[in-house]
Amino acid sequence: MPIISKKYRLLLCFLVHTVTCFSQVKLPHLVTDGMVLQRDIPINIWGWAASCEKITLRFNNKTYNSAAASDGKWLITMPAMKAGGTYEMQIDASNHIQLSNILIGDVWVCSGQSNMELPMERVKERYPDEVANANYPLIRQFNIPTHYNFSKEEDDEPSAKWEEVNPKNILSFSAVAYFFAKELFQKYHVPIGLIKTSVGGSPAEAWLSEDALKSFPSYATIIQQDKDSLYVDSVKKADNAVSNAWNKRITDNDKGLHDTKPWYDTTYDASGWQTMPLPGYWADHGLKGINGVVWFRKEINVPIEMTGKPAKLLLGRIVDADIVYVDGVQSGTTGYQYPPRRYELPAGLLKPGKNIIVVRVINNSGRGGFVLDKPYTLTANGQTIDLKGDWQFKLGASTEPLGSSTFFQYKPEGLYNSMIAPLLNYRIKGVIWYQGEANTFNPPAYSKLFPALINDWRKHWHQGNFPFLYVQLANFMEAKDQPSESNWAALRDVQRRTLSVPGTGMAVIDDIGEWNDIHPLDKEDVGKRLALAAQKVAYGDDKVVYSGPLYEAMKTEGNKITITFKNTGSGLTVKGGGDLKYFSIAGADKKFVWANAKIEGNNVIVWSESIEHPVTVRYAWADNPEGANLYNKDGLPASPFTTDK
């Protein structure tokens with residue numbers, strides 16, 4: 001071992017001291033002003049510093065000391081504390097960090113896909129008073145932006161901040177999570193923190209760790225392929241090139257843009273255009289199989305009372321994208337099919353008498369047009385014009401359908417690595433989860449993926465079997481008049497069976513969806529039903545009726561099957577009175593027919609005169625079980641089920 005002179009030892013110490021001084025202590029973005037820390041369990045505070053740097057943390061009149069490890073990471077665990085606040089926190093090392101407005105309460109991770117992500121802004125018309133009067137400074141949200149990583153588990157989230165509920169901030173809150181938090185806050189009066197980490201369209205496998213995905217070998221090739229950043233970049237570049245070329249082609253060929261006058265010009269002569277009733281789809285009116293651009297035009301008569309004031313134009317939902325012109329002025333645009341079309345028109349745009357609304361609709365695949373059973377109105381100064389009915393239309397450009405793109409945020413492990421792994425040091429009360437739509441193509445696979453996800457998160461959070469509460473899929477798509485197979489029903493049944501995992505709870509919502517919208521607007525009842533589950537599972541309230549009836553067992557006697565339920569609350573009932581609906585029954589051939597059903601105590605007797613030897617019963621087994629009416633007397637719907645094992 002070489003001998004180092006005293007002179008060089010002093011120089012080395014000086015250099016180490018200098019590096020240490022300039023190495024600022026850093027905290028994760030989650031640990032910042034306004035955060036909510038989890039009550040009643042030890043609390044972690046962590047970050048990064050120079051190797052071996054000493055850290056001093058002061059909080060709630062106590063001091064804690066630690067030192068960074070050789071890799072610069074440090075963690076301080078404080079003892080469990082009661083709910084309260086606000087508090088300040090000081091962290092001292094080579095620099096000083098001061099955090100303020102800290103609360104101690106209950107922290108919930110809010111994850112899943114678009115129905116959890118969907119913000120209050122999207123439902124503000126349904127809940128105007130809720131938005132206007134929002135004043136809950138002790139309910140806060142940390143909103144994590146979408147990002148993914150296939151190469152490693154990240155240790156920090158992108159820049160974000162904790163925000164409290166007020167009329168401005170509430171618009172970015174997850175609607176489901178907000179109503180969930182409000183319900184719990186009003187009952188338990190403790191601060192509620194919401195960590196919103198959800199991604200629209202994401203399947204369950206995107207939220208599993210690579211370790212958990214080892215149990216699913218079918219994903220192995222995809223996982224390894226996506227670790228190659230050059231591959232990912234090349235696919236994204238190719239997809240962008242195809243999309244850009246498609247959009248350029250329809251723009252270059254759109255007659256509505258390149259005619260003698262553009263078709264949105266108020267002086268353009270559209271007398272030769274065809275007409276069709278809106279809402280509706282152009283495939284049903286002579287343009288079957290057409291993708292590209294179709295223009296729509298409607299002349300309306302606006303009374304003088306509606307002019308000189310701001311106006312609101314509601315155009316339901318449009319498949320896929322649209323640009324709207326009012327009297328020749330571009331007045332709104334939306335780039336994809338799911339958001340509601342709500343366009344604010346400035347005062348002075350509308351004039352007394354004739355006004356012209358023109359909509360340029362861009363459809364890249366499937367059936368283009370205007371979604372049924374949505375609002376189509378123009379409102380100003382308290383008066384409303386109904387825009388449904390005949391519109392003129394004309395094809396602007398047609399081309400082949402746009403091919404599908406690769407959504408890397410949906411690939412296995414990418415979201416776990418970037419949007420879950422950085423949270424694992426943060427102590428939580430539990431998880432609320434609203435997802436499943438993206439996995440309806442394969443319910444049997446979901447029966448393994450979903451329990452694996454719950455167990456995976458619990459394993460890596462090191463908090464035992466924390467409460468995991470989830471939303472069963474809502475009713476969606478057109479109702480059918482005969483029993484039929486349904487992947488949506490099958491996935492709902494997977495979700496029901498996942499209640500066998502300890503510490504779980506489920507909100508049934510097959511009565512509050514919308515047949516024509518995968519994003520139903522009623523998010524208040526979803527949040528409330530999740531909160532009921534939380535009261536039982538997370539807060540141990542054994543008196544609360546937290547669930548509707550759940551299938552428990554069946555017994556066959558002759559041509560009748562007796563169904564036994566749990567969670568019957570105050571007893572079974574038929575919502576609205578009359579006969580029970582949406583029970584079907586089958587023999588060994590599994591050919592289901594509608595069944596008679598009646599309540600006897602806390603059981604339901606099911607039979608059909610056409611099935612002599614029944615073996616299976618289904619309830620609410622459909623994409624959209626419209627009219628399913630078995631409830632408990634406490635107002636909660638029974639979960640769909642099959643008696644098949």
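Keep in mind that the numbers below use all heavy atoms, side chains included, and drop hydrogens, waters and symmetry copies. For the single chain, residues carry numbers from 1 onward in sequence order. Quick caveat, the model's predicted, so the values are computed rather than measured.
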Can you tell me how far apart [atom1] ([X]) and [atom2] ([Y]) are? Round to the nearest 0.5 Å.
X    : Y    : atom1 : atom2 : answer
S209 : W457 : OG    : CH2   : 11.0 Å
L423 : D155 : CG    : CG    : 11.5 Å
K196 : C110 : NZ    : SG    : 9.0 Å
I45  : L27  : CD1   : CG    : 8.0 Å

Using side chain to side chain contact (heavy atoms under 4.5 Å, CB included), reason through R249 and E400 one step at a time and then give a plain yes or no. CA-CA 10 Å; R249 187 159 58 251; E400 74 284 351; 2.5 Å; yes

Just checking, any donor-acceptor pair under 3.5 angstrom between side chains of [X] and [Y]?
X    : Y    : answer
Y416 : D456 : no
Q435 : Y446 : yes
N475 : N624 : yes
T562 : N603 : no
N425 : N44  : no
E514 : H519 : no
R317 : Q337 : yes

Between [X] and [Y] (side chain of the first, backbone of the second, donor and acceptor by atom type, cut-off under 3.5 Å), is there such a pair?
X    : Y    : result
Q38  : K429 : yes
N115 : I518 : yes
Q495 : L473 : yes
S111 : T197 : yes
N632 : S547 : yes

May I have the step-by-step check of side chain to side chain contact (heavy atoms under 4.5 Å, CB included) for V109 and Y426, ending in yes or no? CA-CA 10 Å; V109 172; Y426 209 78; over 6 Å; no

Stacked cation flag R367 on Y281, 6.0 angstrom / 45 deg: yes

Geometric cation-pi criterion, K73 with W48: 6.0 Å, 45°: no

Fit a plane to each ring of [X] and [Y], take the angle between them on a 0 to 90° scale, and name the class: parallel (under 30°), tilted (30 to 60°) or perpendicular (over 60°).
X    : Y    : value
Y619 : F583 : tilted
F450 : F468 : perpendicular
Y539 : W108 : tilted

Could you go step by step and tell me if Y148 and F150 meet the ring-ring contact (aromatic ring centres under 6.0 Å, His included) rule? CA-CA 7 Å; Y148 55 86; F150 300 114; 5.3 Å; yes

Using the ring-ring contact (aromatic ring centres under 6.0 Å, His included) criterion, which residues pair with W461? Sequence neighbours excluded. F466

Steps toward side-chain hydrogen bond (donor to acceptor under 3.5 Å, both in side chains) verdict (N363, S365): CA-CA 6 Å; N363 168 249; S365 64; 5.7 Å; no

Only one of K590, R618, K480 passes salt bridge (charged side-chain N to carboxylate O under 4.0 Å, His left out) with E485, and that residue is R618

Note: Q472 and S639 closest approach over all heavy atoms is NE2-OG, 3.1 Å

Locate the shortest heavy-atom distance separating Y582 from E626; write the atom from each residue and the value. CE1-O, 3.2 Å

With heavy-atom distances below 4.5 Å as the criterion, would you say the side chains of [X] and [Y] are in contact?
X    : Y    : result
S202 : L415 : yes
V199 : Q113 : no
V508 : D510 : yes
W594 : Q482 : yes

With T616 as partner, the option from T642, T556, D644 fulfilling side chain to side chain donor-acceptor pair (under 3.5 Å) is D644

Checking ring-ring contact (aromatic ring centres under 6.0 Å, His included) for the pair W488/F476: CA distance, chi angles, key distance, verdict? CA-CA 8 Å; W488 279 63; F476 178 53; 5.2 Å; yes

Assess the residue pair D525 and K528 against the criterion (salt bridge (Lys or Arg N to Asp or Glu O under 4.0 Å)); give the C-alpha distance rounded to whole Å, side-chain angles, the decisive distance to 0.1 Å, and a yes or no. CA-CA 5 Å; D525 284 317; K528 286 182 174 180; 5.2 Å; no

Once side chain to side chain donor-acceptor pair (under 3.5 Å) is applied, what residue pairs with a partner in residues 215-226 remain, sequence neighbours excluded? Q225-Y231

Apply salt bridge (Lys or Arg N to Asp or Glu O under 4.0 Å) to E121 and list each qualifying residue two or more places apart in sequence or on a separate chain. K124, R342

Would you find more than 12 non-hydrogen atoms of other residues, nucleotides or ligands less than 6.0 Å from K411 atom NZ? yes

If you apply the rule ring-ring contact (aromatic ring centres under 6.0 Å, His included), what do you find for F142 with H29, and how did you get there? CA-CA 10 Å; F142 188 85; H29 287 101; 8.0 Å; no

